[in-house]
Amino acid sequence: MKRAIGFIDSGVGGLTVVKEVLKQLPHEQIYYLGDTARCPYGPRDRDEVNQFTWEMTNFLVERNIKMLVIACNTATAAALADIRATLDIPVIGVIQPGSRAALKATRNNRVGVLGTIGTVQSMAYPKALKGLNRRVEVDSLACPKFVSVVESGEYKSAIAKKIVAESLLPLKSTKIDTIILGCTHYPLLKTLIENFMGSDVAVINSGEETASEVSALLDYHDLLDRDDNGVQHRFFTTGSVSIFQDIAQDWLDIPDMHVEHIKLGNEKGVYQ
Ligand code: DGL
């Protein structure tokens with residue numbers, strides 16, 4: 001029996017990480033859970049995000065996943081250490097890989113971080129970046145409007161372009177040469193962000209580096225799948241199946257994708 005890699009996020013954002021994993025590891029089976037009904041996690045307090053992240057984790061652990069990817073920066077900041085210390089399968093987040101990728105890209109050690117309010121307040125990126133290179137200078141910016149633009153499927157619209165320009169204006173006057181998309185929803189806005197910041201600024205999607213880490217860890221634990229026989233990806237959402245399916249299909253290009261609706265805890269959110 002194949003065992004899947006589990007991915008969790010507050011909504012569709014973690015699909016940006018799944019995309020990179022499927023590119024590097026096409027034999028792997030994916031179980032993905034997006035807690036869309038309670039999205040966004042960004043403005044919620046840390047304890048609540050920790051609790052929701054555990055609920056998602058337990059749902060996938062009950063389905064016998066072999067590894068967990070917390071494909072959400074807000075959840076990584078609130079719960080990675082706790083979950084990693086408790087589970088007996090490998091658990092990875094997206095903040096350390098994103099930081100590593102940014103340090104590879106920067107030429108002047110000035111890095112910008114875009115994230116949710118929760119991620120920015122946690123200081124998880126400055127800590128991770130300075131832990132790897134104490135000379136790096138970090139400008140963090142919370143972009144609370146981005147997640148709803150993505151979840152509503154409006155990420156290619158003129159409104160999205162306007163919101164990106166208004167939100168990123170404070171970074172235009174800094175000397176950063178690299179920006180980390182410190183929320184897994186943001187890669188869906190990557191083209192708009194690149195166009196606004198200009199070609200001198202490298203825009204980092206942590207998905208690629210996270211996928212390399214998934215690959216290395218699976219190999220280390222001898223858990224890699226050697227063929228794609230019997231692969232059946234499963235996608236679960238606590239919110240609207242049709243909206244999730246539209247975005248996932250646009251982004252992942254998986255034929256015959258089947259999305260299942262599930263319930264977790266006591267759901268109270270915007271995208272029911
Ligand atoms: N995708 C998430 C992240 O990486 C969270 C978005 C949200 O729910 O606010 O932080």
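Because the structure is predicted, anything quoted here is derived from the model rather than measured. Numbers for residues simply follow the sequence, beginning at 1. Order of appearance sets the numbers: ligands from 1, and atoms from 1 within every ligand.
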(message) Does the Lys NZ or Arg CZ of Arg38 fall within the cation-pi geometry relative to Tyr41 - under 6.0 Å from the ring centre and within 45° of the axis?
(response) no
Indicate every side-chain donor-acceptor pair of residues 165-175 with a distance under 3.5 Å to a residue at least two apart or in another chain.
| residue | atom | partner | partner atom | Å |
| --- | --- | --- | --- | --- |
| Glu166 | OE2 | Lys162 | NZ | 3.3 |
| Ser167 | OG | Ile163 | O | 2.7 |
| Lys172 | NZ | Phe196 | O | 2.7 |
| Ser173 | OG | Pro170 | O | 3.3 |
| Thr174 | OG1 | Leu171 | O | 2.8 |

Identify all N/O pairs between ligand 1 and the protein with a separation under 3.5 Å and present them as a table of atom names and distances.
| residue | atom | partner | partner atom | Å |
| --- | --- | --- | --- | --- |
| ligand 1 | 1 (N) | Asp9 | OD1 | 2.9 |
| ligand 1 | 1 (N) | Thr184 | OG1 | 2.9 |
| ligand 1 | 1 (N) | His185 | ND1 | 2.7 |
| ligand 1 | 4 (O) | Asn73 | N | 2.7 |
| ligand 1 | 4 (O) | Asn73 | ND2 | 3.0 |
| ligand 1 | 4 (O) | Thr184 | N | 2.8 |
| ligand 1 | 4 (O) | Thr184 | OG1 | 3.3 |
| ligand 1 | 8 (O) | Ser10 | OG | 2.6 |
| ligand 1 | 8 (O) | Tyr41 | N | 2.6 |
| ligand 1 | 9 (O) | Tyr41 | N | 3.3 |
| ligand 1 | 9 (O) | Gly42 | N | 2.8 |
| ligand 1 | 10 (O) | Asn73 | N | 3.4 |
| ligand 1 | 10 (O) | Thr74 | N | 3.1 |
| ligand 1 | 10 (O) | Thr74 | OG1 | 2.6 |

(request) Return the minimal non-hydrogen interatomic distance between Leu217 and Pro90, and the atom names on each side. (result) CD1-CB, 4.2 Å
(message) Before you tell me yes or no, could you show the steps for Phe236 and Tyr32 under ring pair (Phe, Tyr, Trp, His ring centres under 6.0 Å), namely the whole-Å CA-CA distance, both residues' side-chain angles and the distance that decides it to 0.1 Å?
(response) CA-CA 6 Å; Phe236 305 95; Tyr32 183 95; 9.3 Å; no
(request) Please determine, by modelled atom types, if Asp35 and Ser10 share a side-chain donor-acceptor pair under 3.5 angstrom. (result) no
(message) When you measure from the centre of the six-membered ring of Tyr31, is the NZ or CZ of Arg234 closer than 6.0 Å and no more than 45° off the axis?
(response) yes
